[in-house]
Protein chains: 2
Amino acid sequence: MKLTTKGRYAVTAMLDLSLHYGEGPITLADIAQRQGISLSYLEQLFSRLRKKSLVASVRGPGGGYSLGRDADEIYVGEVISAVDENIDTTRCNGAYNCHNNERCLTHELWSDLSSQIYNYLNKISLQDLMDRKTVREVAARQDHSNQEEVSGLEVTLADEPSDLAGA
Amino acid sequence: MKLTTKGRYAVTAMLDLSLHYGEGPITLADIAQRQGISLSYLEQLFSRLRKKSLVASVRGPGGGYSLGRDADEIYVGEVISAVDENIDTTRCNGAYNCHNNERCLTHELWSDLSSQIYNYLNKISLQDLMDRKTVREVAARQDHSNQEEVSGLEVTLADEPSDLAGA
DNA sequence: TACATTCCCAAGCAAAATAGTCAAGATTTC
DNA sequence: GAAATCTTGACTATTTTGCTTGGGAATGTA
């Protein structure tokens with residue numbers, strides 16, 4: 001199991017998609033703007049999500065993406081697996097001869113752990129996430145600020161004072 | 001939580017140390033050879049393990065490392081935390097303003113997950129690992145093959161046919 | 001048909017992280 | 001004092017990440 005921002009981006013985007021389900025296809029441009037993820041990067045992620053049938057796409061004007069299944073049938077673990085290819089550990093992925101043609105000492109431990117994490121993540125559906133109060137609150141705020149941002153063409157982000165609170 | 005080979009190396013080395021506990025201080029050179037980890041890399045890892053008092057060191061000839069506590073009081077999670085500094089997620093680690101000065105949608109999910117994994121790993125002690133049958137078996141083999149390897153200076157690993165089984 | 005909008009895809013690239021090397025030193029034992 | 005061992009820091013190579021660029025292909029609309 002690998003846990004990187006890549007997987008987080010994917011889950012965030014899928015959650016965004018779920019929250020706007022029922023509004024017809026959602027464009028990646030919308031998601032990119034709402035979630036602050038680069039459009040091209042999203043395209044790469046969604047390419048993999050589509051290959052795993054987690055999303056369905058419609059081309060052309062008015063097109064976009066929608067969920068491949070209902071939100072309560074898509075699990076976080078699936079999303080992460082889809083974008084983070086080698087879900088296994090990097091060195092001895094599945095191989096029994098990690099070291100000196102034998103299993104490495106902790107081989108079993110890591111496979112145990114991987115499946116443990118995987119189990120945990122595969123119990124959480126996108127619907128579960130949507131049901132969370134904090135998620136709904138943030139989503140509502142995002143939809144509002146989105147409407148404001150749409151009018152202005154681009155937000156200037158030259159040197160945002162991100163660490164004012166610190167020090 | 002971050003799960004990389006770095007953490008795996010650390011746990012493997014600590015497990016090796018546990019298995020040879022009672023034989024006096026163990027040198028990193030021994031561990032490096034048994035577990036196939038570069039000595040200098042081990043040095044870096046053990047530097048961090050020592051700072052967290054997970055190991056104790058004795059310098060000079062006959063010196064080496066020993067466990068900082070009993071094997072049933074050292075948990076896998078601690079070992080991983082010790083070497084993998086930023087145990088938190090990379091982007092919005094702890095910050096509440098991941099995106100647009102708000103919490104990102106999945107912020108809560110990731111902190112939940114992190115603590116979940118951490119809990120799991122902090123229930124497994126080095127002693128637990130040693131009690132596993134497969135670990136004891138591999139360890140026994142390693143001790144044997146180690147004695148053989150000591151006589152030959154270096155194993156030639158020019159082009160090992162690692163993918164014969166494939167295709 | 002033209003064209004704008006959207007998905008699709010592949011190559012490349014900078015920054016960061018990972019895994020490892022190298023070199024110099026500090027302690028201790030013999 | 002010499003050898004063994006830990007200790008430390010700087011340096012390097014490789015991989016991964018996050019992102020850009022630049023082109024397509026499909027499709028709805030005028």
Side-chain angles (χ1 to χ4, degrees), chain A residues 2-10 12-13 17 23-33 35-52 54-66 68 80 83-93 98-99 157, chain B residues 1-10 12-13 17 24-33 35-52 54-66 68 80 83-93 98-99 104:
Chain A
K2 221 169 42 171
L3 298 173
T4 71
T5 47
K6 199 187 225 166
R8 282 223 310 284
Y9 278 163
T12 304
L17 202 52
E23 305 173 11
I26 307 296
T27 68
L28 289 188
D30 283 351
I31 299 178
Q33 195 188 30
Q35 305 306 332
I37 306 173
S38 117
L39 176 58
S40 317
Y41 199 41
L42 270 184
E43 284 177 346
Q44 288 174 38
L45 298 182
F46 271 69
S47 161
R48 299 190 180 178
L49 294 172
R50 201 176 60 91
K51 277 172 191 151
K52 296 286 171 63
L54 294 174
V55 297
S57 60
V58 180
R59 282 179 167 189
Y65 284 95
S66 54
I80 296 181
V83 298
D84 267 331
E85 326 240 302
N86 75 334
I87 202 73
D88 240 331
T89 45
T90 28
R91 191 127 186 176
C92 53
N93 35 354
C98 340
H99 171 231
L157 283 170
Chain B
M1 195 71 186
K2 224 170 36 173
L3 297 175
T4 71
T5 47
K6 200 188 224 167
R8 280 221 312 284
Y9 279 167
T12 303
L17 204 51
I26 308 293
T27 69
L28 288 188
D30 282 351
I31 300 179
Q33 195 189 28
Q35 304 306 332
I37 307 172
S38 113
L39 175 58
S40 316
Y41 199 40
L42 270 184
E43 284 173 348
Q44 283 176 42
L45 299 181
F46 271 70
S47 160
R48 297 191 181 178
L49 294 172
R50 201 175 60 91
K51 275 172 191 151
K52 296 287 172 60
L54 294 176
V55 296
S57 60
V58 180
R59 283 181 166 188
Y65 284 95
S66 53
I80 295 181
V83 297
D84 266 331
E85 328 239 301
N86 74 333
I87 202 75
D88 240 329
T89 44
T90 27
R91 192 130 186 171
C92 53
N93 36 352
C98 339
H99 171 232
C104 65

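Proteins get letters first, then strands, A, B, ... in listed order; numbering begins at 1 in each. These figures come from a predicted structure and were not determined experimentally.
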Once you round it to whole Å, what is the distance between [atom2] of [N] and [atom1] of [X]?
X: A:Asp30; N: C:dT6; atom1: CG; atom2: P; value: 8 Å
X: A:Tyr65; N: C:dT6; atom1: OH; atom2: P; value: 13 Å
X: A:Leu28; N: C:dT5; atom1: CG; atom2: C1'; value: 13 Å
X: B:Arg48; N: D:dT7; atom1: CZ; atom2: P; value: 15 Å
X: A:Leu49; N: C:dC8; atom1: CG; atom2: P; value: 11 Å
X: A:Ile31; N: C:dC7; atom1: CD1; atom2: C1'; value: 12 Å
X: B:Ile37; N: C:dG20; atom1: CD1; atom2: P; value: 8 Å

First locate atom [atom1] of [X], then atom [atom2] of [Y], and finally report the distance between them rounded to the nearest 0.5 Å.
X: B:Leu45; Y: B:Leu54; atom1: CG; atom2: CG; value: 12.0 Å
X: A:Arg48; Y: A:Lys52; atom1: CZ; atom2: NZ; value: 8.5 Å
X: B:Leu17; Y: B:Phe46; atom1: CG; atom2: CZ; value: 5.5 Å

Taking all non-hydrogen atoms of both residues, which atom of [X] and which atom of [Y] are closest, and how far apart?
X: B:Gly64; Y: B:Pro25; result: N-CB, 3.5 Å
X: A:Ala29; Y: A:Leu39; result: N-CD1, 3.7 Å
X: A:Gly7; Y: A:Val83; result: CA-CG2, 3.8 Å

Member of B:Leu28, B:Ile26, B:Thr27 meeting the side chain to side chain contact (heavy atoms under 4.5 Å, CB included) criterion with B:Tyr65: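 Exactly one option meets the side chain to side chain contact (heavy atoms under 4.5 Å, CB included) with B:Tyr65, and it is B:Leu28.
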Phosphate OP1/OP2 of D:dT7: any B:Ser57 side-chain N/O under 4.0 Å: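 The answer is yes; a side-chain N or O of B:Ser57 sits under 4.0 Å from OP1 or OP2.
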Presence of A:Arg50 side-chain N/O under 4.0 Å of C:dC9 phosphate oxygens OP1/OP2: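 For C:dC9, OP1 or OP2 has a side-chain N or O of A:Arg50 closer than 4.0 Å.
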Touch class at under 4.0 angstrom, heavy-atom based, for A:Phe46 against every strand present: nothing
Sugar-phosphate, base or nothing in reach of A:Ile26, heavy atoms under 4.0 Å: sugar-phosphate
Heavy-atom protein contacts under 4.0 Å, nucleotides 20-30 of chain D, coded B base, S sugar-phosphate only, - none: BB---BSBB--
